[in-house]
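So you know, we letter chains A, B, ... as the sequences are listed, proteins then strands, and number each from 1.
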Protein chains: 2
Amino acid sequence: MSSDLQGFELPLRLLLGFRVLIDELHEELARQGHPRMRPMHGFVFQAIMRAGGRYGTTAADLGRALGVSKQAAGKTIDMLEGLGYLRPGHDPGDARRKTYTLTPHAHDALERSEQIFEDLRDQWAETIGEDRLRAMVEDLRKVTPPDAFRLDTPQWFNAP
Amino acid sequence: MSSDLQGFELPLRLLLGFRVLIDELHEELARQGHPRMRPMHGFVFQAIMRAGGRYGTTAADLGRALGVSKQAAGKTIDMLEGLGYLRPGHDPGDARRKTYTLTPHAHDALERSEQIFEDLRDQWAETIGEDRLRAMVEDLRKVTPPDAFRLDTPQWFNAP
DNA sequence: CTAGTATGGACAAGATGGTTGTCTATATAG
DNA sequence: CTATATAGACAACCATCTTGTCCATACTAG
């Protein structure tokens, strides 16, 4: 980055760091049988695991978890179901709820993501040192909200 | 963040760190007379300053600099011109080029952004320590591309 | 000088991914 | 039993970026 960015360097490096990890994750995921996974799908899977109830997660649940409308969440669910990552079900105690749970294919994607992130983390540790990397994450925890799972609008940096 | 994210923590914290800075920047910018500035406009201003020629930057220049189509860049330019951040001009040596340069209002926004980022940086330094913060940026420099000004598609984490 | 090629800008159409609003069916609280 | 809240389906709309086409201007090789 050229010298004239000065004050912009901290945010920019954070964004670039994120991009580097995410881009490499998805290159590798594509090689490992998940070519259609998109950058946010891993987060969506996590949200689906945690947001729902006993019998799975509904579009409304997911929308609340991700901070988007239930309609937007519904479209994401349709796509993921089409890709074989979600399986529909129902809640025997509430006939309104159309639930979804992760398929084995989705669990495979999550496990591979974990492994790939771990490998990338190890590469970073080799470059900057394990202690420094640990310090970085620890420090970031101190300056970011503790439980920010919602990213609020996924297009937040384009949003009006 | 709950414990089960494990490997996702590094990328997530990087993204959250970026969001925290950008959100606070724009809250403060709004207070300081720039309520319509959007998260990427600061980067666009930087790109406009550096991407063009002697007489300013064209939509095609900007598109190349940002990694988007010239049409998309043109729409961004239209919006920024409408907000009073860009002034049209022309290149006396090339009648095809419709150039744009930053207005004083845009320079004001850039200066205020610099100042606000500096203040936010100081807050972080107070929380985690000046040395640790410096180490963080230094380390991120080592693991990110040196001159990545292009963010390639601005919607990269939604892109197909 | 001229012919061919490259580039800037305008315009239109389409994809994507989000929004709000409305409707019906089911649940739940009083 | 009635009133209210919520799930889901459907439709309309909006924003942003894309591709493709077209014309005017510039550049380069002969």
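Along DNA chain D, the nucleotide closest to B/Lys70 and the one closest to A/Lys75 are compared, and the more 5′ of them pairs with A/Lys75. Along DNA chain C, the nucleotide nearest A/Ala73 and the nucleotide nearest A/Pro92 are compared for position; the residue whose nucleotide lies closer to the 5' end is A/Ala73.
Between A/Asp78 and A/Lys75 there is no salt bridge, since none of the side-chain N atoms of the basic residue sits less than 4.0 Å from a carboxylate O of the acidic one. Salt-bridge annotation for A/Arg141 and B/Glu9: present, with a side-chain N of the basic residue lying under 4.0 Å from a carboxylate O of the acidic one. With respect to B/Asp139 and B/Lys142, a salt bridge is recorded, a charged nitrogen being found less than 4.0 Å from a carboxylate O.
Taking atom CG of residue A/Asp61 and atom C1' of nucleotide D/dA5, one finds them 15 Å apart after rounding to whole Å. Rounded to an integer number of Å, the gap from A/Leu80 CG to C/dG17 C1' is 13 Å. With rounding to whole Å, B/Glu81 atom CD is found 11 Å from C/dA10 atom P. The CG-C1' distance, from A/Leu62 to C/dG18, rounds to 14 Å in whole Å. Between A/Arg38 atom CZ and C/dG17 atom C1' there is a gap of 8 Å when expressed in whole angstrom units. Put simply, CD1 on B/Ile77 is 10 Å from P on C/dA10, counting in whole angstrom units. The distance between atom CE of A/Met79 and atom P of C/dT16, rounded to the nearest whole Å, is 8 Å. The distance between atom CG of A/Asp78 and atom P of D/dC10, rounded to the nearest whole Å, is 10 Å.
Taking only distance into account, the side chain of B/Gln71 never meets the base of C/dG8 through a donor-acceptor pair shorter than 3.5 Å.
Taking every side-chain heavy atom of B/Ala95 into account, D/dT25 is the closest of C/dG8, D/dT25, D/dG8. When each of C/dG8, D/dG8, D/dA26 is scored by its nearest atom to the side-chain atoms of B/Ala60, the top-ranked nucleotide is C/dG8. Nearest nucleotide to the side chain of B/Lys98, out of C/dA10, C/dG17, D/dT18: C/dA10.
Distances shorter than 4.0 Å separate none of the side-chain N or O atoms of B/Arg96 from OP1 or OP2 on C/dA10. An OP1 or OP2 oxygen of D/dT16 is reached within less than 4.0 angstrom by no side-chain nitrogen or oxygen of B/Thr76. Proximity of A/Arg97 to the phosphate of C/dA25: no side-chain N or O atom is located under 4.0 Å from OP1 or OP2. Under 4.0 angstrom from either OP1 or OP2 of C/dT19 there lies at least one side-chain N or O belonging to A/Ser69. Taking 4.0 angstrom as the limit, A/Arg64 places a side-chain polar atom (N or O) nearer than this to OP1 or OP2 of D/dA7.
By the ring-ring contact (aromatic ring centres under 6.0 Å, His included) test, B/His107 pairs with no residue at all, sequence neighbours left out.
The aromatic rings of A/Phe8 and B/Phe43 sit perpendicular, their planes meeting at an angle over 60°, well past the 30° parallel limit.
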